[in-house]
Amino acid sequence: MRVVMSVTVKQHYGVLRRWGALVIASVVMAVLSGCDWQTTSWQTASTDPPGNGETCTVANGTGTLGSTNVTNVVITCSANTYSVGGTIDGLNASGLILVDNGEDATTISANATQFTMNTGVTYGAMYDVTVQTQPAGLVCTVSDGSGTVGAGNVSSVSISCVPNFTLLYSFQGGTGDAADPYHCLIQASDGNLYGTTLEGGSSNGGAIFEITPSGDESVFYAFATMPWACMTQVSTGDFYGTTASGGANGRGTFFEISPSGTGTVLYSFPAGGSDPYTGLIQANDGNFYGTTGANGRDDDGTVFELTPGGDYSVLHTFPKTTSTDGQIPYAGLIQGSDGNFYGTTYQGGANDDGTVFEVTPSGTETVLYSFAGGSDGEHPYAGVIQGSDGNFYGTTYQGGANDDGTVYEVTPSGTETVLYAFAGGGGDGANPEAGLTQGSDGNFYGATYLGGANDDGTVFEVTPSGTETVLHTFTGGSSDGANPSANLVQGSDGNLYGTTYLGGTNNYGTVFEIIPP
């Protein structure tokens, strides 16, 4: 006679699966004697499916075969768990934290060359290793960090760490090179970076320098008078900017320089007026707009308009006498998405701690916010930028919880929030003269003039929610810069570029590169 044995197969999560290579063996021996029969013992066994990363177990797999079918044998298969890890190169600092699928935070020690995540991943599941926290002074990137776990440990993830800071160039000073860069860089249409210095050049009156992203520098144009501002490049390739002195009246100029380096003075600011200490923007009407603010005889600064041909008009005059209006705008303007112009004044306002203001193209000025000092910011050197959310962001030189300056946000309706108050000392920056740059990642980047371990300034990152990270602490001397005063610019390669006023080989300032986290 034939006796039938039934086996139930289960996969993990209780789902019936295709048997594939699962081997089930049964042994039934019957000894017949006439019409009588008897059975011996029987059992079932399983062999794990080869190469599919599962382990199978048998329940109720042994017994004595009786006169009925056996139906209670159960085979359960579950996925195996495997480790995820790999190799690390260049990790010479502590602080690296990795996560897998946004969880399982694993801290990696300095100088480690291999790593394994804290928690394994089951066969068939996805893994995705990313950097949650960068180590101090390094940027670590992940290669081959995601995939599906097979039937074995994952050891192919690669972490490579490189310094986040590079000193690209140290100025040499004298008549053969530039010296003391105080204002920001721009990346021109040729991919190179251009900036101005307060000294150096053939007349030692300041210069425009050109530097490639790899650090090759040359003097592009030498001034007889001091350029105390950033430049603007227009669609023709020409550069436009201002000097804070010189010209027909000794009170500064509006200049144009061709891509070949030929300079032309388009306008000389009037005698008795305020000197232009900031750069220009070209607005959507094709004209240039900027501010003056060096304590003129009859005013405490202006907002002005200049046509490309040099026609000059004043849109707004900041009053010399105390009022609720601002006084002394050290920063330039931006044109907002609404077409109006926005900027800051160092003093004035309701508390004489400076303002954020708006000026329409027709010259109507409104104080959006008056800084209050104390826990609020005070005395902004830098202007504002308009963030991707439409609000305005900037820094103040002083004020905040520690009186070391702040990062602030102002809505178009004038509501202000202090996002971060600098703490100074060895662990944080202090007194930012530079403004902010919003990176492609949505975070804000800037520099402080002071603070850090040697009080030579820092480069920092602040998230829109106000979390700050010091990316670099300047140490001065021949191998590092000191005292950055200019805004950073994000290059087409995604890296950040900036200058320091001092430091470097001859203490004439530097150009540096920062890789953002």
Side-chain angles (χ1 to χ4, degrees), residues 183-185 230 278-279 281 291 326 329-346 349 353-359 366-373 375-401 404-423 428-449 451 458-471 484-490 496-498 514 516-517:
H183 281 283
C184 61
L185 299 168
C230 301
T278 64
I281 61 166
T291 64
Y330 280 134
L333 303 170
I334 65 165
Q335 187 170 35
S337 56
D338 58 2
N340 295 332
F341 302 103
Y342 295 85
T344 63
T345 63
Y346 184 75
D353 288 321
T355 69
V356 177
F357 66 84
E358 173 190 20
V359 174
T366 303
V367 173
L368 287 183
Y369 185 73
S370 292
F371 291 99
S375 60
D376 192 16
E378 63 180 281
H379 301 314
Y381 268 115
V384 293
I385 63 170
Q386 188 167 32
S388 56
D389 59 0
N391 295 332
F392 301 99
Y393 295 84
T395 63
T396 62
Y397 184 73
Q398 292 174 290
D404 287 320
T406 69
V407 175
Y408 65 86
E409 172 190 19
V410 174
T411 66
S413 62
T415 300
E416 187 250 15
T417 303
V418 173
L419 293 181
Y420 183 74
F422 293 99
D428 197 11
N431 307 119
E433 293 188 5
L436 300 173
T437 296
Q438 187 170 32
S440 55
D441 59 1
N443 295 329
F444 299 100
Y445 295 89
T448 63
Y449 192 75
T458 67
V459 176
F460 64 86
E461 172 194 34
V462 172
T463 66
S465 61
T467 300
E468 189 244 18
T469 303
V470 174
L471 301 180
S485 59
N487 291 15
L488 304 174
V489 60
Q490 187 168 36
L496 300 165
Y497 295 87
I514 288 277

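We count residues from 1, following the sequence as given. Computed over heavy atoms, backbone and side chain alike; hydrogens, waters and symmetry mates excluded.
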Please confirm whether the backbone N or O of Tyr397 pairs with a side-chain atom of Asn431, one donor and one acceptor, at under 3.5 Å?
yes
Exercise: identify the closest heavy-atom pair between Ser370 and Gly349:
OG-CA, 3.6 Å
For residues 413-420, tabulate all N or O donor-acceptor pairs below 3.5 Å that involve a side-chain atom, not counting sequence neighbours.
unit_1 : atom_1 : unit_2 : atom_2 : d
Ser413 : OG     : Thr411 : OG1    : 3.0
Glu416 : OE1    : Tyr369 : OH     : 3.2
Tyr420 : OH     : Asp428 : OD2    : 2.6
Tyr420 : OH     : Glu468 : OE1    : 3.1

His183 side chain vs Ala486 backbone, donor-acceptor pair below 3.5 Å
no
Inter-residue atom distance Thr469.OG1 - Tyr445.OH, 0.5 Å rounding
8.5 Å
Note: Asp376 and Phe371 closest approach over all heavy atoms is OD2-CA, 3.7 Å
Are Asn391 and Pro412 packed together at the side-chain level, in the sense that at least one heavy-atom pair is separated by less than 4.5 angstrom?
yes
If you define the side chain from C-beta out and look only at heavy atoms, does anything of Glu461 sit under 4.5 Å from Leu496?
no
Can you see which heavy atom on Pro380 is nearest to which on Thr355, and at what distance?
CG-O, 4.3 Å
Do the side chain of Ser485 and the main chain of Tyr449 share a donor and acceptor less than 3.5 angstrom apart?
no
Non-hydrogen side-chain atoms of Leu488 and Ile514 separated by less than 4.5 Å:
no
Atom OH of Tyr330 and atom OG1 of Thr345: how far apart are they, to the nearest 0.5 Å?
11.0 Å
Scanning both residues in full, the closest heavy-atom pair of Val410 with Val356 reads CG2-CG2, 4.3 Å
Working for side-chain contact (heavy atoms from CB on, under 4.5 Å), residues Phe444 and Val407:
CA-CA 10 Å; Phe444 299 100; Val407 175; 5.7 Å; no
Are Ile281 and Phe341 packed together at the side-chain level, in the sense that at least one heavy-atom pair is separated by less than 4.5 angstrom?
yes
Heavy-atom check, side chain of Thr395 versus side chain of Leu436, under 4.5 Å:
yes
Side-chain touch Tyr408/Val384, heavy atoms, less than 4.5 angstrom:
yes
Using every non-hydrogen atom in the two residues, find where Ala434 and Ala382 come nearest and quote the distance to one decimal.
C-CB, 3.5 Å
Do you know which two heavy atoms are closest between Pro432 and Gly405, and how far apart they sit?
CD-CA, 4.2 Å
Looking only at atom types and distance, does a side-chain atom of Thr278 sit under 3.5 Å from a main-chain N or O of Leu333, one as donor and one as acceptor?
no
